[in-house]
Amino acid sequence: MPAFADIAIDPPLADSYRALALLRRDGDGGIAPPAVQMVGSGGAVLERDLPMVDLERLTRGGAGERKACAGAMARAASEWGFFQLTNHGVSRELMEEMRREQARLFRLPFETKEKAGLLNGSYRWGNPTATSLRHLSWSEAFHVPLASISGADCDFGDLTSLRGVMQEVAEAMSRVANTVAAALAEELTGRGGGGASAAPWFPAGCDETTCFLRLNRYPTCPFAADTFGLVPHTDSDFLTVLCQDQVGGLHLMKDSRWVAVRPRPDALVVNIGDLFQAWSNNRYKSVEHKVVANAKTDRLSVAYFLCPSYDSLVGTCGEPSPYRAFTFGEYRKKVQEDVRTTGKKIGLPNFLKHSSVQ
């Protein structure tokens, strides 16, 4: 992986860090301890292997294998909120090509990425509205609506081969996400018996016009001991499919402590989003996770977000549900409102039928 040493390509993350560090100075002029315990400033974090699922057992196996595979995913979704997939149909060659294209994209000057309107103007970095270090993410990304990738008005600049590779990656990861989501839903409703050939009825309102592909870069960070690559959060979607490099840095909350996810070559990571937790009546868990900053090397990843249209009702696998009816648009609006007014996402507790959140 080529180094991104030229400061002209990096967003002004160091400036943000220094400005926020000044805000936490104590009365004696020293630096007060961070408000959150960061990796690197405390005890060791246990590295674990996520539950591993061979997706080919679902897509090509007999009835018994399909049922066993769907059951294994459902257990992981309930106990971990995360699992890894092998034999998922997304080739190593394609993902390596995607990483090469990502490297070229992120090697562009920061000003070009920020102001040139590339990839539908989807570039973002850090958190310019952060009011403390706990809100700062040492990262940059292009968060691209799938519908725009093939559009004539989506500008790829001089990266002429990027569009085709992104389309191919999006199609491949979409197949994985839809297959997994349908199998997990069937485990709770009994439709289709856990088979991969069931009708694509779930999730309602999700198609190639509503989902997103996110290209992430986590630059080398000189303040890695007390900085997040991506702040702790849950995903506001149904399902996320992640392809990461071998650098590592993904951590998730398991049994009330942070666990580091050991990268596995050729495996995709799947995690449950807030909408799936609500639809499943809390059977499946949308688990808090984060990325830790790295002092020695960059990290690249690609994430596919399975999202419905904004006017789609999230629904439920069965009544009684602990959640009131709400649309994805309502959920997104409330999350954004909470972040703006409180500095953090509250999420699903806002939509409980008997919510104590004010």
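Start at 1 with the first residue, then count along the sequence.
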ask   = Checking Lys285 side chain against Ile272 main chain: does a donor-acceptor pair fall under 3.5 Å?
value =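 Looks like no, no N/O pair under 3.5 Å.
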query = Counting distance only, does the side-chain N/O of Asn120 pair as donor-acceptor with the main-chain N or O of Ser122 below 3.5 Å?
reply =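 Between the backbone of Ser122 and the side chain of Asn120 there is no qualifying donor-acceptor contact (under 3.5 Å).
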key: Residues in salt bridge (charged side-chain N to carboxylate O under 4.0 Å, His left out) contact with Lys254, at least two apart in sequence or another chain   =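 So Lys254 forms no salt bridge (charged side-chain N to carboxylate O under 4.0 Å, His left out) with any residue.
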ask   = With Val302, which of Leu215, Val241, Val90 fulfils side-chain contact (heavy atoms from CB on, under 4.5 Å)?
value =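 For Val302, the side-chain contact (heavy atoms from CB on, under 4.5 Å) test succeeds with only one of Leu215, Val241, Val90, which is Leu215.
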query = Does Asp207 reach the main-chain N or O of Thr209 with its side chain, forming a donor-acceptor pair under 3.5 Å?
reply =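 Indeed, once roles are kept as given, a pair shorter than 3.5 Å links the two residues.
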task = If a pair satisfies ring-ring contact (aromatic ring centres under 6.0 Å, His included) and one of its residues is in residues 296-323, list it, with sequence neighbours excluded.
result =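 Residue pairs with at least one partner in residues 296-323: His143-Phe305, Tyr310-Phe328.
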task = For Gln246, look at atom CD and say whether over 12 heavy atoms of other residues, nucleotides or ligands are found less than 6.0 Å away.
result =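 Yes.
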Single hit among Gln84, His88, Arg92 for side-chain hydrogen bond (donor to acceptor under 3.5 Å, both in side chains) with Asp266 =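 Testing each of Gln84, His88, Arg92 against Asp266, the sole residue satisfying side-chain hydrogen bond (donor to acceptor under 3.5 Å, both in side chains) is Arg92.
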ask   = Going by heavy atoms in the side chains, are Val291 and Ser139 under 4.5 Å from each other?
value = no
request  = Say whether, by atom type as modelled, one donor and one acceptor occur between the side chain of Thr327 and the main chain of Glu330 under 3.5 angstrom.
outcome  =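 Yes: the side chain of Thr327 pairs with the backbone of Glu330.
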message = My understanding is that only residues two or more places apart in sequence, or in another chain, count here; which of them pass side-chain hydrogen bond (donor to acceptor under 3.5 Å, both in side chains) with Ser309?
response =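 With sequence neighbours excluded, Ser309 shows a side-chain hydrogen bond (donor to acceptor under 3.5 Å, both in side chains) to Asp311, Ser312, given in chain and number order.
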query = What pairs with Glu101 under side-chain hydrogen bond (donor to acceptor under 3.5 Å, both in side chains), at least two apart in sequence or on another chain?
reply = Arg104, Ser161
key: Note, Pro219 side chain near Leu13 side chain (heavy atom, < 4.5 Å)   =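 Pro219 vs Leu13: side chains touch.
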task = Kindly say whether Asn216 contributes a backbone atom to a donor-acceptor pair with the side chain of Ser301 at under 3.5 angstrom?
result = no
inquiry  = Measuring only between side-chain heavy atoms, which start at C-beta, is Thr210 closer than 4.5 Å to Pro308?
reply    = no
query = Would you say the side-chain atoms of Tyr17 pair up with the backbone N or O of Thr227, donor to acceptor, closer than 3.5 Å?
reply = no
query = Does Arg217 pair with Asp245 as a salt bridge, N-O distance under 4.0 Å?
reply = no
inquiry  = Assess the residue pair Asp274 and Ser286 against the criterion (side-chain hydrogen bond (donor to acceptor under 3.5 Å, both in side chains)); give the C-alpha distance rounded to whole Å, side-chain angles, the decisive distance to 0.1 Å, and a yes or no.
reply    = CA-CA 5 Å; Asp274 298 344; Ser286 181; 2.6 Å; yes
ask   = Around atom CZ of Arg163, are there more than 12 heavy atoms of other residues, nucleotides or ligands at under 6.0 Å?
value =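 Buried by this count: over 12 neighbours within 6.0 Å.
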key: Sub-4.5 Å side-chain heavy-atom contact between Ser236 and Leu275   =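 They are not in contact (no side-chain heavy atoms under 4.5 Å apart), so the answer is no.
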ask   = Do Met73 and Leu85 come within less than 4.5 Å of each other through their side chains, counting heavy atoms only?
value =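 In contact.
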inquiry  = Between Asn281 and Gly318 (side chain of the first, backbone of the second, donor and acceptor by atom type, cut-off under 3.5 Å), is there such a pair?
reply    = yes
ask   = Just wondering, do Asp298 and Phe106 contact through their side chains at under 4.5 Å, heavy atoms?
value = no
query = Is the side chain of Ser148 donor-acceptor paired with the backbone N or O of Gly151 at a distance under 3.5 Å, no angle test?
reply =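 Side chain of Ser148 to backbone of Gly151: no pair is present.
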message = Does the plane of the ring in Phe326 sit parallel, tilted or perpendicular to the ring in Phe351? Use 30° and 60° as the thresholds.
response =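 Tilted.
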query = Going by heavy atoms in the side chains, are Phe142 and Met166 under 4.5 Å from each other?
reply =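 Answer no - side chains too far apart.
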Glu56 with Arg60: basic N within carboxylate O range, under 4.0 Å = yes
key: Within the 6.0 Å centroid threshold, strictly below: His251 and His289   =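 Distance test on ring centres: not under 6.0 Å, no.
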inquiry  = A side-chain contact here means heavy atoms from C-beta on lying under 4.5 Å apart; do Val180 and Leu306 qualify?
reply    =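 No; the side chains remain at least 4.5 Å from each other.
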inquiry  = Run the salt bridge (charged side-chain N to carboxylate O under 4.0 Å, His left out) test against Glu47 and tell me which residues pass, sequence neighbours left out.
reply    =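 Partners of Glu47 by the salt bridge (charged side-chain N to carboxylate O under 4.0 Å, His left out) criterion, ordered by chain and then number, come out as Arg262.
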message = Tell me if a side-chain donor or acceptor on Arg66 pairs with a main-chain N or O of Gly61 at a distance below 3.5 Å.
response = yes
ask   = Quick one: side-chain hydrogen bond (donor to acceptor under 3.5 Å, both in side chains) partners of Arg100, sequence neighbours excluded?
value =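 Result, side-chain hydrogen bond (donor to acceptor under 3.5 Å, both in side chains) vs Arg100: none returned.
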message = Can you confirm whether more than 12 heavy atoms, excluding those of Arg283, are under 6.0 Å from its CZ atom?
response = no
query = Hey, is the main chain of Tyr123 close enough, under 3.5 Å, to the side chain of Lys113 for a donor-acceptor pair?
reply = no
query = Roughly how far apart are Leu162 CG and Leu105 CG, rounded to 0.5 Å?
reply =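 Here the interatomic distance stands at 6.0 Å.
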